[in-house]
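The next block holds one structure in the form of structure tokens; read it before the comments.
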Amino acid sequence: MKMKALCEITGLTRKTILYYEEQGFVSPEKTRINGRDYRDYSDTDARKLLDVSTLRKCGFSIEEIKRMQINPEDVHGIFLELKNRLHQQKSELEAVLRRLENIPEQNIRDVQSLVGELRDTAEPLPLPEQDLNPHFLHLDKIEAELDGAQKPSKYHEDTRPVEIDQDHIVMDARFGRKKLLDDIKEDFQEVPHYGVPEKPCGPKWLGFVKGIAILALVLFFFDMMQASRWGITSKPFLTDIAIMGGLAAVITGITLIQKRAK
């Protein structure tokens, strides 16, 4: 069945279904047509989604549901954990409600006055789980890929890897290319030098320029992806393509110079 029919059967929104799919609860058949994936859900997928939504409405977390599906022997223990957790939440909510009922309405003039009235009540209470362990799925994935891509240099085996603020790589182009490049330059300047001898591979400044060019190429790639929304013939898209071509030429030229200098 298609997404629209699945939404009608389960009562779930399209975003919720895609979220549950991303979490691995269902894996529909996909047909790629003209660069776009078309999903085909089964009756089993609909049942699984209804099961997950039922458990979520009752307070089970995504991770708890996954654990119960993978290890049925854990179901009883997780059930008891939820019951105890709900009793604790009930006690905490009742304490907050009692405090709210005892606050004179005329005392609430702004946010600070509300905070002042609730501070003592909130002090022993925990933050919501979502606040304690927020999930940044796409950013976490990018950072994991970047961490895995860092390999020790064959010329500096005893040095620490260069640490560059990874936020620069995923920052939106609206903050300005000049600011991003200036910040990247500062990251390079702050890298400590440990005095490890280098093999001759051309002037040291060439390596610095090459690093800047590579990072700039990455930034313009993300900028190009955004510009593609206006079409591949739009001026911003073509401008980014031209700049990326120039940066690639610079990187290639420096690489050749370094190889000749070895």
Side-chain angles (χ1 to χ4, degrees), residues 18 22 30-38 134-262:
L18 292 177
E22 183 183 45
K30 296 180 182 179
T31 304
R32 194 166 186 82
I33 302 176
N34 296 328
R36 182 177 179 183
D37 288 330
Y38 290 86
H135 296 288
F136 303 100
L137 296 181
H138 300 297
L139 181 58
D140 290 345
K141 181 179 179 181
I142 291 174
E143 289 181 343
E145 291 175 351
L146 289 171
D147 290 340
Q150 289 184 352
K151 298 180 180 179
S153 169
K154 61 181 179 180
Y155 297 125
H156 308 307
E157 295 179 353
D158 297 327
T159 62
R160 299 177 187 174
V162 175
E163 296 181 355
I164 301 172
D165 186 357
Q166 296 173 2
D167 289 343
H168 295 317
I169 299 179
V170 295
M171 283 178 67
D172 193 274
R174 65 177 176 272
F175 290 105
R177 299 186 186 94
K178 185 177 185 302
K179 181 181 183 302
L180 292 175
L181 294 176
D182 288 344
D183 290 344
I184 293 169
K185 181 179 178 181
E186 290 179 3
D187 287 334
F188 271 102
Q189 291 175 341
E190 292 174 0
V191 175
H193 300 281
Y194 298 96
V196 179
E198 300 180 353
K199 292 184 179 180
C201 57
K204 293 182 180 180
W205 63 268
L206 281 178
F208 175 79
V209 173
K210 182 179 178 181
I212 291 292
I214 291 173
L215 290 172
L217 185 64
V218 174
L219 295 175
F220 277 105
F221 173 77
F222 283 104
D223 194 30
M224 181 195 69
M225 296 299 292
Q226 291 186 347
S228 64
R229 292 181 295 182
W230 288 278
I232 60 175
T233 59
S234 63
K235 185 176 180 181
F237 184 87
L238 295 177
T239 299
D240 287 338
I241 288 290
I243 294 174
M244 289 174 63
L247 290 170
V250 171
I251 295 169
T252 302
I254 294 176
T255 302
L256 292 175
I257 293 174
Q258 290 177 329
K259 286 184 177 181
R260 291 176 182 176
K262 290 181 182 180

Residues at least two apart in sequence or cross-chain that pass salt bridge (charged side-chain N to carboxylate O under 4.0 Å, His left out) with R32, listed by chain then number, are D37
Checking L18 now: which residues fulfil side-chain contact (heavy atoms from CB on, under 4.5 Å) with it, not counting sequence neighbours? M3, R14, E21, R39, Y41
Please list, one pair per line, the donor and acceptor atoms closer than 3.5 Å that link side chains of residues 245-257 to other protein atoms, with sequence neighbours excluded.
residue	atom	partner	partner atom	Å
T252	OG1	A248	O	2.8
T255	OG1	K210	NZ	3.0
T255	OG1	I251	O	2.8

Please output the side-chain donor-acceptor pairs of residues 211-221 that fall under 3.5 Å, not counting sequence neighbours, one pair per line with the distance.
none

